[in-house]
Amino acid sequence: CVLIAAGVFYSLYGLVQAHGEFPHDYWANPGQVSSRLVNSTHFAGFLLMPLMAALGLLFSNARWIWKFFPLLALPVLSYALLRTQSRSGWLCFLVSLTVYAFLMGRGHWGLSRRLPKVIASITLAGILLGCAFLFQNSFRERITVLKATKFQTLTQRVQVWSASAQVLCNYPMGIGA
């Protein structure tokens, strides 16, 4: 519950920040929710922990009183994740949901071995269709930015990864000081 509470606190803080309160000079993208983590993708990565913990607690065998807080926390955490505008965060959330559905099906129902795969596939398809329908403007905006910059950020990332791989090959024990 502490992890979920921290996620809700940071989500609310970040959402208030995104609406103009608590401004800081070091923000890279003021319209994106990043809370105290400065980078919205880092914040999206953080949000995955309380989101999945809330889902786990919600579908656990815990008493109903323990399921009430995650039920309230999930919309706040999900909305904050959406407002990060982090494609990596969204993709990781979908992968996490798929893995969660698969593991939940295997561990608790004891039915057919194919059932978890079917449930994971249906869950993933439903999530993708729901996100495509509900959040089409956010996705469209991010793709438009990618096209307008001619995938410059992706190109830069590939260059950094290539340089990092070259350094790793040249100095497998590290470059040291």
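- The line from CE of Met52 to CD1 of Ile4 is 11.5 Å long, rounded to the nearest 0.5 Å.
- To the nearest 0.5 Å, atom CG of residue Leu48 and atom CZ of residue Phe43 are 10.5 Å apart.
- At least one side-chain heavy atom of Ser11 sits under 4.5 Å from a side-chain heavy atom of Leu47.
- A chain of hydrophobic side-chain contacts below 4.5 Å, direct or via other Ile, Leu, Val, Met, Phe, Trp or Tyr residues, connects Tyr79 to Phe9.
- Heavy-atom minimum distance, Val8 versus Leu77: N-CD2, 3.7 Å.
- Note that the CZ atom of Phe93 and the OG atom of Ser78 stand 5.0 Å from one another [nearest 0.5 Å].
- Listed by chain and number, the residues in a ring-ring contact (aromatic ring centres under 6.0 Å, His included) with Phe46 are Tyr10 (sequence neighbours excluded).
- For the pair Leu57/Cys1, a side-chain contact is recorded, criterion being any heavy-atom separation below 4.5 Å from C-beta on.
- Using a 4.5 Å heavy-atom threshold, the side chains of Leu97 and Leu55 count as touching.
- Evaluation of the side chain to side chain donor-acceptor pair (under 3.5 Å) test over residues 45-58, restricted to residues two or more places apart or in two chains, returns none.
- Nearest heavy atoms, Ser86 versus Ser40: CB-O, 4.3 Å.
- In this structure, Phe68 and Leu72 have side chains that are in contact, with non-hydrogen atoms separated by less than 4.5 Å.
- When every heavy atom of Leu15 is checked against every heavy atom of Ala80, the shortest pair comes out as CD2-CA, 4.4 Å.
- Taking the side chain as every heavy atom from C-beta outward, Val158 and Ser162 approach each other to under 4.5 Å.
- A continuous path of hydrophobic side-chain contacts links Leu12 to Leu51 [ILVMFWY only; heavy atoms under 4.5 Å].
- Here the CD-OH distance, from Gln166 to Tyr171, works out to 10.0 Å after rounding to the nearest 0.5 Å.
- When all heavy atoms of Trp90 and Thr84 are compared, the pair lying nearest together is NE1-OG1, 4.4 Å.
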